[in-house]
Colleague: 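Below is one structure. I have some questions about it.
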There are 2 protein chains.
Amino acid sequence: MSKYDPKLDQCFSALGDPTRRLILQRLARGEASVSELAEPHDMALPSFMEHLKKLEAAGLVTSKKQGRTRTCELAPDAFAPAKDWLSEQSETWEGRLDRFDDYVKNLMQERQK
Amino acid sequence: MSKYDPKLDQCFSALGDPTRRLILQRLARGEASVSELAEPHDMALPSFMEHLKKLEAAGLVTSKKQGRTRTCELAPDAFAPAKDWLSEQSETWEGRLDRFDDYVKNLMQERQK
DNA sequence: GCGTTACTTAGGTATATGTCTAAGTATGAC
DNA sequence: GTCATACTTAGACATATACCTAAGTAACGC
């Protein structure tokens, strides 16, 4: 049973922003430098860096600096914790004991329309 | 290819809060009234209702009021959009053309240690 | 070494978020 | 009809978030 995990807060919150999801979609195709990543986003660089910082804090992205260039990469198994949590809930839902009851209840309501 | 979808913002943001994830975990086991849901949370009811409102806005929860009681339920396929987005990224990542290159690069780095 | 590039740090602002208390409203029970 | 129950609405507040500009710093490249 999944207990409360503060890392999931950061992970899902990070995913809740369109800019950050676009960064992840880009990184899914391969590593990139900060300026490469920033280029399509109409945003000042410091603002953009904040997004990268959150992705890294959430464990979704890793980065290393070589010379003056920072290269970012999708973290290995970046999405596993999020996917696992979601799957666990889906499975609980699908395995509910009262599922048949609900099914019947809905059917009855449909007929009354 | 997934374009920018504002519904995913709400969905992932909703998941980024521990109170809301606990609500969803509870609802995965079956429907419940607002007060049943609120009971384990040490929080004023109006504050708690805000969380429910966000879950509903995100399409994760549905609710109907019968008399003075509002019953909440996990939305059908609540987690599908989130799971789909995550899976799409994982697949892109796993299918990268340069994956073998990376593998070799990592191997070389390991040997230098 | 000097200018250019690629970030970084500092500090500011506006809006959103998560919480509260106090005061509704609508139902159900007696 | 009156009282308790189950939310709801309204309004306040503190912190977090998403952005900005301006001014660093630390490599390259000639």
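Numbered from 1 within each chain, the chains take letters A, B, ... in sequence-line order.
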Colleague: Check the distance between dA16(C)'s P and Gln10(B)'s CD and give it to me in whole angstrom.
Modeller: 13 Å

Colleague: Should Lys83(A) and Ser87(B) count as side-chain neighbours, where that means a heavy-atom distance under 4.5 Å?
Modeller: yes

Colleague: Figure out the CG/C1' separation between Leu52(B) and dC7(D), and round it to whole Å.
Modeller: 11 Å

Colleague: Could you check how far CD of Glu56(A) sits from P of dC7(C), rounded to whole Å?
Modeller: 13 Å

Colleague: What's the closest nucleotide to the Met43(B) side chain, out of dT19(C), dG18(C), dA6(C)?
Modeller: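 Shortest atom-to-atom distance from the side chain points to dT19(C).
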
Colleague: Could you tell me if the side chain of Gln10(A) sits less than 4.5 Å from the side chain of Lys7(A), heavy atoms only?
Modeller: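 Lys7(A) reaches Gln10(A) side chain to side chain.
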
Colleague: If only side-chain N and O atoms of His51(B) are considered, is one of them under 4.0 Å from the OP1 or OP2 phosphate oxygen of dT19(C)?
Modeller: yes

Colleague: Only counting residues at least two apart or in another chain, list the ones meeting side chain to side chain donor-acceptor pair (under 3.5 Å) with Asp84(A).
Modeller: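 Expected list: none.
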
Colleague: Measure from CD on Glu39(A) to P on dA6(C) and round the result to the nearest Å.
Modeller: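 Atom CD in Glu39(A) sits about 12 Å away from atom P in dA6(C).
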
Colleague: Using the side-chain heavy atoms of Ala44(A), tell me which of these nucleotides is nearest: dT21(D), dT21(C), dG18(C).
Modeller: dT21(D)

Colleague: Quick one: Gln66(B) CD to dC7(D) P, roughly how many Å, whole number?
Modeller: 11 Å

Colleague: Could you state the CZ-P distance from Phe48(A) to dT21(D), rounded to the nearest angstrom?
Modeller: 16 Å

Colleague: Please state how far atom CZ in Arg20(A) lies from atom P in dC19(D), giving the value in whole angstrom units.
Modeller: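 One finds 8 Å between P of dC19(D) and CZ of Arg20(A), rounded.
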
Colleague: With heavy-atom distances below 4.5 Å as the criterion, would you say the side chains of Leu60(A) and Leu27(A) are in contact?
Modeller: no

Colleague: Identify whether the distance between the nearest side-chain nitrogen and carboxylate oxygen of Arg21(B) and Asp9(A) falls below 4.0 Å.
Modeller: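 Asp9(A) and Arg21(B): salt-bridged.
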
Colleague: Would you tabulate the pairs of protein nitrogen or oxygen atoms and nucleotide nitrogen or oxygen atoms of nucleotides 8-11 of chain D closer than 3.5 angstrom?
Modeller:
from	atom 1	to	atom 2	distance (Å)
dT8(D)	OP1	Lys65(B)	NZ	3.3
dT8(D)	OP1	Arg70(B)	NE	2.8
dT8(D)	OP1	Arg70(B)	NH2	2.8

Colleague: Here's a test of your reading of the structure: between Thr69(A) and Asp17(A), which maps to the more 5' nucleotide of DNA chain D?
Modeller: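 The answer here is Asp17(A).
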
Colleague: Show the numbers, then the answer: is there a side chain to side chain donor-acceptor pair (under 3.5 Å) between Ser63(A) and Glu56(A)?
Modeller: CA-CA 8 Å; Ser63(A) 77; Glu56(A) 225 173 324; 3.1 Å; yes

Colleague: Regarding Glu50(A), tell me which of base, sugar-phosphate or nothing describes its non-hydrogen contacts under 4.0 Å with the strands shown.
Modeller: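 Contact class for Glu50(A): none.
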
Colleague: Of all the choices, dC7(D), dT5(C), dC20(C), which nucleotide is nearest to the side chain of Arg68(A) once you look at every atom?
Modeller: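 That would be dT5(C).
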
Colleague: Show the numbers, then the answer: is there a side chain to side chain donor-acceptor pair (under 3.5 Å) between Gln25(B) and Thr92(A)?
Modeller: CA-CA 8 Å; Gln25(B) 289 185 320; Thr92(A) 305; over 6 Å; no

Colleague: Any side-chain N or O of Ser47(B) below 4.0 angstrom from OP1/OP2 of dC20(C)?
Modeller: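 So the side-chain polar atoms of Ser47(B) do come within 4.0 Å of the phosphate oxygens OP1 or OP2 of dC20(C), strictly under.
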
